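One structure is given here, and the rest of the page talks about it.
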Amino acid sequence: MAMEVTQILLNAQSVDGSVRKHAEESLKHFQEQNLAGFLLSLSGELASDEKPVDSRKLAGLILKNALDAKEQHRKFELVQRWLSLDVGVKTQIKTCLLQTLSSPVHEARSTASQVIAKVAGIELPQKQWPELIGSLLSNIHQVPVHVKQATLETLGYLCEEVSPDVVEQDHVNKILTAVVQGMNATEGSNDVRLAATRALYNALSFAQVNFSNDMERDYIMRVVCEATLSQEVKIRQAAFECLVSISSSYYEKLAPYIQDIFNITAKAVREDEEPVALQAIEFWSSICDEEIDILEDYGADFTTADSDVPCFYFIKQALPALVPMLLETLLKQEEDQDQDEGAWNLAMAGGTCLGLVARTVGDDIVPLVMPFIEENITKPDWRQREGATYAFGSILEGPSPNKLTPLVNVALNFMLTALTKDPNNHVKDTTAWTLGRIFEFLHGSTMETPIITPANCQQIITVLLQSMKDAPNVAEKACGAFYFLAQGFEDIGQSSPLTPYFQEIVQSLLTVTHREDAGESRLRTAAYETLNEVVRCSTDETAPMVLQLVPVIMMELHKTLEEQKLSSDERQKQNELQGLLCGCLQVIIQKLGSSEPTKYVFMQYADQIMSLFLRVFACRSATVHEEAMLAIGALAYATGPDFAKYMPEFYKYLEMGIQNFEEYQVCAVTVGVVGDICRAVEDKVLPWCDGIMTQLLKDLASNQLHRSVKPPIFSCFGDIALAIGESFEKYLMYAMPMLQSAAELSSHTSGADDEMVEYTNLLRNGILEAYSGIFQGFKNSPKTQLLIPYAPHIIQFLDLIYMEKDMDDVVMKTAIGVLGDLADTLGSNAGSLIQQSLSSKDFLNECLSSDDHLIKESAEWAKLAISRAISV
């Protein structure tokens with residue numbers, strides 16, 4: 001087989017389908033029968049300069065795919081498989097890979113670089129292959145240029161794959177030295193400099209210690225800044241990418257360099273090629289992101305002591321020079337820029353950065369931008385009109401409403417005219433987008449001075465309805481403007497200014513969904529999303545019209561189910577449309593089901609709607625439609641106990657969704673719907689609980705389950721227990737240990753990053769909701785004593801999360817509720833435990849003095865329950 005591997009690899013790339021298929025099957029068979037031999041053959045193929053380039057490239061690619069995968073569970077399998085291979089086999093493969101770095105063939109070297117990094121990603125954390133970094137570093141000196149280039153490329157990939165804490169500081173220093181020397185203009189070829197600059201980008205996350213040393217940091221910054229002036233465009237681009245990374249990783253170290261960086265970036269934006277100029281703008285966008293985060297976390301007037309990273313106000317200082325530079329970019333639009341694809345160009349990058357600057361500095365940006373708008377908004381050149389409109393739209397988030405409202409009141413009439421009368425499509429597109437931004441940020445019940453008044457409301461609606469008939473890109477933005485217009489009237493009370501136009505708006509949006517070109521520019525999706533928002537924010541006055549929508553949307557969904565013999569492309573479009581229609585029905589059901597008068601009339605459609613949803617599921621064979629599942633959750637809420645009659649037919653799809661943990665969003669949504677059903681039908685869910693609980697426990701026991709599904713599963717335990725009460729008894733011995741081990745696991749996250757803290761809060765909230773549902777479900781039952789053995793652990797868990805001090809308000813409310821549930825359900829059995837607790841008293845007092853009325857309310861109830869339990 002090894003002798004034939006070259007030919008098989010070539011055949012696997014054949015244009016002849018049958019030859020290709022046979023070759024792929026041969027490779028698969030070889031891999032399954034003899035993995036070690038298979039990987040050895042591939043590494044030998046990759047390393048041999050006698051072999052054709054195409055077979056070597058494919059050999060390297062297959063090797064790489066045998067070591068890594070996007071899906072976490074698959075990746076885990078591949079890592080275990082590699083680690084279990086014979087040491088001698090692995091050594092031979094690694095020798096071949098390192099040997100390939102010396103190959104004269106660039107494609108082979110580059111592929112080997114990536115594979116070496118994948119192996120390093122597996123082995124270095126296991127303390128294996130300790131000699132790798134040393135042998136790579138020895139390659140850097142006095143070797144042919146192409147070997148140096150490949151080695152630097154490998155070091156870059158290695159830094160991308162491996163966590164910084166796996167590599168010793170001595171090795172980090174040597175890697176950085178090698179990389180920075182490779183970037184030096186006086187040494188090496190452009191290929192070496194480019195490989196080194198790209199390697200530095202990945203190595204920056206390793207450079208914490210080095211950036212804390214003034215001399216080392218100065219040297220790195222000097223070399224990066226010099227590289228931005230290279231003759232080679234790719235090197236300049238890669239150098240600016242390094243600066244962008246430095247701006248987010250080492251913001252607090254930038255002060256000495258910021259003036260020089262401004263000069264470099266300004267020159268690049270004004271004079272350099274687009275890929276370089278885009279990265280130069282990205283640097284300032286990144287600085288904005290950092291300062292927005294700092295100011296949001298600590299407030300604009302915080303003291304340096306409040307934060308690990310003080311705000312240096314780089315944007316505020318650069319404002320007088322930065323804003324004119326960004327405004328210039330707005331006039332560099334492309335005549336044929338593809339609105340549908342949203343192609344990224346200099347003007348878009350400049351506008352995006354301008355928006356971030358506005359969010360960073362607030363009111364200060366307005367006087368710097370308004371003269372540009374006033375000068376360009378009426379010019380004959382479309383670029384100037386579009387640039388001025390884009391500038392105005394970009395600065396609407398950040399400055400105070402008081403600063404912007406007078407300007408918007410002057411501009412609104414002009415923009416409405418431009419949207420219908422301007423001859424240029426780009427100008428109309430940006431005008432509609434800007435109107436959407438006005439309605440998003442400066443319209444709503446909290447505004448002191450309303451932008452939309454009885455005097456201009458009719459004109460706004462008329463113009464937007466007319467624009468929904470325009471080109472797809474303009475119509476899509478007009479839909480977006482309507483979306484925010486409706487949203488702004490959500491909390492207005494009984495009578496909305498949109499009510500008189502409701503029928504016309506809905507009809508226009510439905511007409512848009514049937515346009516022949518509705519597939520362009522996301523137009524159909526935007527129309528349905530806007531229809532949903534218009535319905536969601538409507539008042540009781542329009543309920544009869546919402547009711548009329550039900551058969552219309554049902555008929556649309558029915559049509560998608562009648563289409564047979566679709567191509568794969570058509571089937572995908574059908575799935576998308578079904579998703580949009582199910583989403584629309586979900587909103588309508590929520591709207592009509594939440595009010596008694598409409599709920600009664602709506603119920604006549606419930607059977608037909610459920611029948612349609614079941615047909616949508618049946619179309620998908622092995623998978624479940626996420627939007628249909630969400631809509632069923634809404635239907636369960638609306639129909640209440642009556643939903644039980646649908647369970648016999650619906651259960652198989654519910655089970656299918658819970659089993660589908662590979663599509664974890666579908667799985668999480670389905671678990672949420674189980675909760676909706678439990679709340680709706682209560683103990684009528686009992687016949688289905690064995691199957692549901694078995695599958696949920698199976699999911700939790702799998703190491704392939706995506707972590708985001710765990711919190712809703714735990715929460716679902718609580719929903720089931722609350723619905724079936726003491727009948728949950730038979731699941732206690734399985735559910736409680738799962739909850740306990742998850743609770744223990746959630747305590748090992750101290751010092752974690754923000755994302756992990758957020759996830760830990762979600763997980764803990766799910767666990768607490770489970771406990772709450774279980775204790776409430778067993779309340780007043782003779783089987784309450786079954787819960788007593790679990791109480792000490794729950795008190796311990798509550799102590800732990802209180803002492804860790806990183807719980808959010810949601811967890812705080814649920815946690816104090818659980819303390820109350822314990823006391824309420826177990827009485828004196830809980831009273832003594834709560835008295836012995838390390839922190840229950842402090843926790844209760846903290847919640848009682850909370851500013852959040854929901855936390856305070858829960859705490860007052862818990863206090864009552866605890867005092868009853870203690871006094872028994």
Side-chain angles (χ1 to χ4, degrees), residues 1-32 34-70 74-75 78 81-82 85 89-90 92-122 132 136 139 143-158 160-161 189-192 194-195 198-199 202 234 238:
M1 183 69 188
M3 298 293 291
E4 302 165 20
V5 88
T6 305
Q7 193 54 53
I8 295 172
L9 288 165
L10 293 172
N11 287 352
Q13 300 168 73
S14 167
V15 288
D16 184 326
S18 61
V19 172
R20 192 170 63 248
K21 191 176 178 213
H22 183 261
E24 285 167 356
E25 284 170 1
S26 299
L27 287 168
K28 192 179 173 190
H29 182 71
F30 186 11
Q31 185 172 5
E32 287 167 358
N34 180 3
L35 181 65
F38 178 69
L39 298 177
L40 272 171
S41 295
L42 292 175
S43 61
E45 187 77 18
L46 179 60
S48 173
D49 288 330
E50 315 292 307
K51 302 291 186 181
V53 175
D54 286 347
S55 69
R56 295 176 74 182
K57 266 168 62 181
L58 184 57
L61 184 63
I62 296 170
L63 257 179
K64 191 173 81 158
N65 292 341
L67 298 165
D68 196 13
K70 282 182 184 164
R74 178 77 183 131
K75 183 175 181 140
L78 295 175
R81 200 172 69 171
W82 172 263
L85 279 174
V89 170
K90 287 190 285 191
Q92 274 181 269
I93 293 169
K94 291 185 287 193
T95 303
C96 285
L97 291 171
L98 289 170
Q99 182 188 322
T100 312
L101 295 182
S102 307
S103 170
V105 178
H106 174 260
E107 290 94 332
R109 295 196 305 273
S110 187
T111 309
S113 295
Q114 294 171 56
V115 182
I116 290 167
K118 293 291 180 193
V119 176
I122 297 171
L132 169 65
L136 287 172
N139 257 3
V143 292
V145 166
H146 69 270
V147 182
K148 191 179 244 185
Q149 179 255 344
T151 305
L152 286 164
E153 201 174 325
T154 308
L155 287 168
Y157 287 131
L158 187 144
E160 190 177 18
E161 288 293 330
S189 67
N190 279 340
D191 285 345
V192 169
L194 179 60
R198 286 176 174 166
N202 289 325
K234 284 183 179 175

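What you see is a predicted model, and the numbers here were worked out from it, not measured in a lab.
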*Verify the neighbour count for atom NZ of Lys94: are there more than 12 heavy atoms of other residues, nucleotides or ligands below 6.0 Å?*
yes

_Side-chain heavy atoms of Leu9 within contact of Asp54, under 4.5 Å_ = no

*In terms of side-chain heavy atoms, does Ser103 have a donor or acceptor partner in Arg56 at a distance below 3.5 Å?*
yes

*Under 4.5 Å between any side-chain heavy atoms of Asn139 and Thr154, yes or no?*
no

*Search all heavy atoms of Ser55 against all heavy atoms of Glu45 and return the closest pair with its distance.*
OG-OE2, 2.7 Å

*Is it true that a side-chain atom of Glu107 and a backbone atom of Val53 form a donor plus acceptor pair closer than 3.5 Å?*
no

_Exam field: side chain Arg198 to backbone Glu153, donor-acceptor pair closer than 3.5 Å_ = no

*Give, for atom CD1 of Ile93 and atom CG of Leu42, the distance between the pair rounded to the nearest 0.5 Å.*
8.5 Å

What side-chain donor-acceptor pairs closer than 3.5 Å can you find for residues 14-21, not counting sequence neighbours?
| from | atom 1 | to | atom 2 | distance (Å) |
| --- | --- | --- | --- | --- |
| Ser14 | OG | Asp16 | N | 3.0 |
| Asp16 | OD1 | Ser18 | N | 3.0 |
| Asp16 | OD1 | Ser18 | OG | 2.8 |
| Asp16 | OD1 | Val19 | N | 3.4 |
| Arg20 | NH1 | Ser14 | O | 2.9 |

*Is the closest side-chain heavy-atom distance between Val119 and Trp82 below 4.5 Å?*
yes

*Find out whether His146 and His106 are in side-chain contact, i.e. whether some heavy atom of one side chain is under 4.5 Å from a heavy atom of the other.*
no

*Within the distance-only criterion (no hydrogens, no angle test), does the side chain of Glu160 pair as donor or acceptor with the backbone N or O of Gly156 below 3.5 angstrom?*
no

_Gap between atom CZ of Phe30 and atom CG of Leu39 - 0.5 Å precision_ = 9.0 Å

